[in-house]
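Below, read A as the first sequence line, B as the second, and so on, with proteins coming before strands; counting in each chain starts at 1. As the structure is a computational prediction, the values presented were derived from the model and not from experiment.
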Amino acid sequence: MNLDFTFESGQIFQWRKADGWWLGIVGTHATMLRTEDGSLLVRSNPEASEERIKEFMCLNVRYDDLAGGRSVDEFTSSLLQDYRGLRILKQDPWSCLMSYIVSASLSIRAIDRVLGSIASSCRELNVDGLSLRELPGPSDFLNVRRPRKRYLGRKWSYLRQAARDIDDGTLDFDEIRSLPYDVAWSSLVIAKESHVMGVGPKVADCLLLFSLDKPEAFPMDRWIMRGLQRHYGWLVPERIATKLRNEGEALTVREYEAVSQNVRSHFGKLGGLVQECLFLHMRTARPGRPSA
DNA sequence: GCCCAGGTGCGGC
DNA sequence: GCCGCACATGGG
């Protein structure tokens, strides 16, 4: 387990490192995590059960099992080797949805800042003398005052609408969780009656991967599209690759679906993990080198 | 100044 | 269906 890779991969926001500990909120527990001699150390307040932490860290998921015993391809093997210990965390669905609705077209730093400003009027939790703020739950969110001048535009109303839908049961995460990947994805993105404003192809994949138990979900943003073209060219149909080279980086929903199909049939349930490793790789490794 | 940042909704063909 | 644009702001 490598907590630096895990928390620096960009999968989760509002965590920070202090004195060698990773600090953030798990459920309602202010939590500190670090590894030592191969074991995971936890401090939390109020004290979290071992089960709760295991659930958050997905310690029941074995990546060897997701691979199904087959090796994927050479580049992927070395990628997974380079970022060995990176784990996909299981986030609270509402916090995750909020984070990724906010995330559209912002830098990671800006996303963290916006979420921080939303949390700034919420409950303060403490552990070991350090303090951090909870994000509001769906019903509390409706009472939070809108932060002044903090990047949000129309996104603020998307968040409010999603919060209302959760409150009145129109949006039911457990129901989506129970669906197979492609049905769940379509219900979020395509279906008129269940579409959530602010959730497009990429945000839907984030929610499915990080909160709704779909390890094959493979969110594709600009970094990932560059990574796919550079290292997995055969998964990107020629017409789409040409388009990406010539005009901007935006894909239509249909094009996103086409690439996503190829990616999922290649990586299977290892997809989500590969995606996080590739994301970290593209953002940190020097260009032109196959590995970090 | 200008471009880019974990995209998405909308109105125009 | 696809295209072009607006959306808000800060850092390089």
J.: Mind checking the C1' distance from C/dT9 to B/dG1? Whole angstroms is fine.
T.: 16 Å
J.: Check each of A/Tyr100, A/Phe56, A/Phe173 against A/Phe210 using the ring pair (Phe, Tyr, Trp, His ring centres under 6.0 Å) test, and report the only one that passes.
T.: A/Tyr100
J.: Which part of the nucleic acid, if any, lies within contact of A/Met197, taking any heavy atom under 4.0 Å across all strands shown: a base, the sugar-phosphate backbone alone, or nothing?
T.: sugar-phosphate
J.: Report yes or no: do A/Thr242 and A/Glu238 form a side-chain donor-acceptor pair below 3.5 Å?
T.: yes
J.: Can you say whether the rings of A/Phe267 and A/Tyr232 are parallel (under 30°), tilted (30 to 60°) or perpendicular (over 60°)?
T.: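 The rings of A/Phe267 and A/Tyr232 stand perpendicular, inter-plane angle above 60°.
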J.: Measuring only the C1' atom in each nucleotide, how far is B/dA5 from C/dC3? A whole number of Å is fine.
T.: 22 Å
J.: Using the P atom on both, measure C/dC2 against B/dG6 and round to a whole Å.
T.: 27 Å
J.: Do any side-chain nitrogens or oxygens of A/Thr252 fall under 4.0 Å of OP1 or OP2 in C/dC2?
T.: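 Result: yes.
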J.: So, is A/Arg283 near the phosphate of B/dG6, with a side-chain N or O under 4.0 Å from OP1 or OP2?
T.: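 For A/Arg283, the contact criterion (side-chain N or O under 4.0 Å from OP1 or OP2 of B/dG6) is met.
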J.: Applying a 4.0 Å non-hydrogen cut-off, can you work out what A/Glu255 is touching in the nucleic acid: base, sugar-phosphate, or nothing?
T.: nothing
J.: Under 4.0 Å, heavy atoms only, any strand: does A/Ser157 hit a base, just the sugar-phosphate, or nothing?
T.: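 If one applies the 4.0 Å heavy-atom cut-off, A/Ser157 turns out to touch nothing in the nucleic acid.
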J.: If I take atom CH2 in residue A/Trp185 and atom P in nucleotide B/dG7, what distance separates them, rounded to the nearest angstrom?
T.: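 Distance, rounded to whole Å: 16 Å.
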J.: Using heavy-atom distances to pick each residue's nearest nucleotide on DNA chain B, tell me which of A/Leu106 and A/Val196 is more 5'.
T.: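 Going by which nucleotide is closer to the 5' end, it is A/Leu106.
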J.: For A/Gly10, answer base if it contacts any base atom (sugar-phosphate contacts may also be present), sugar-phosphate if it contacts only those atoms, and nothing otherwise; contact means non-hydrogen atoms under 4.0 Å.
T.: base
J.: Please tell me if A/Lys243 has a side-chain N or O lying less than 4.0 Å from either OP1 or OP2 of C/dC2.
T.: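 Negative; the distance criterion is not met.
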J.: For DNA chain B, whose closest nucleotide is more 5', that of A/Phe13 or that of A/Tyr158?
T.: A/Phe13
J.: According to a strict under-4.0 Å criterion, is A/His195 in side-chain N/O contact with OP1 or OP2 of B/dT8?
T.: no
J.: Counting any heavy atom closer than 4.0 Å, what does A/Ile101 reach on the DNA or RNA strands: base, sugar-phosphate only, or nothing?
T.: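 Touches nothing.
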J.: Please work out if A/Val253 contacts a base, only the sugar-phosphate, or nothing of the nucleic acid, heavy-atom cut-off 4.0 Å.
T.: nothing
J.: So if I take every side-chain heavy atom of A/Tyr151 and compare against C/dG10, B/dT8, B/dG7, which nucleotide ends up nearest?
T.: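 When the side chain of A/Tyr151 is considered, C/dG10 is the closest of C/dG10, B/dT8, B/dG7.
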J.: Would you say A/Arg226 and A/Gln229 are linked by a side-chain donor-acceptor pair, where the criterion is simply a distance under 3.5 Å?
T.: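 Note: A/Gln229 and A/Arg226 side chains miss the donor-acceptor criterion.
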J.: Could you tell me whether the phosphate oxygens of C/dA6, OP1 or OP2, come under 4.0 Å of any side-chain nitrogen or oxygen in A/Arg154?
T.: no
J.: Counting the atoms with a prime plus P, OP1 and OP2 as sugar-phosphate, which does A/Tyr100 contact under 4.0 Å by heavy atoms, base, sugar-phosphate, or nothing?
T.: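 The residue A/Tyr100 makes base contact.
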J.: Report yes if at least one side-chain N or O of A/Arg146 is closer than 4.0 Å to OP1 or OP2 of C/dA8; otherwise report no.
T.: no
J.: Between C/dG10 and B/dT8, how many Å separate the two P atoms, rounded to a whole number?
T.: 23 Å
J.: Taking 4.0 Å as the cut-off, does a side-chain nitrogen or oxygen of A/Arg109 come that near to OP1 or OP2 on C/dG10?
T.: no
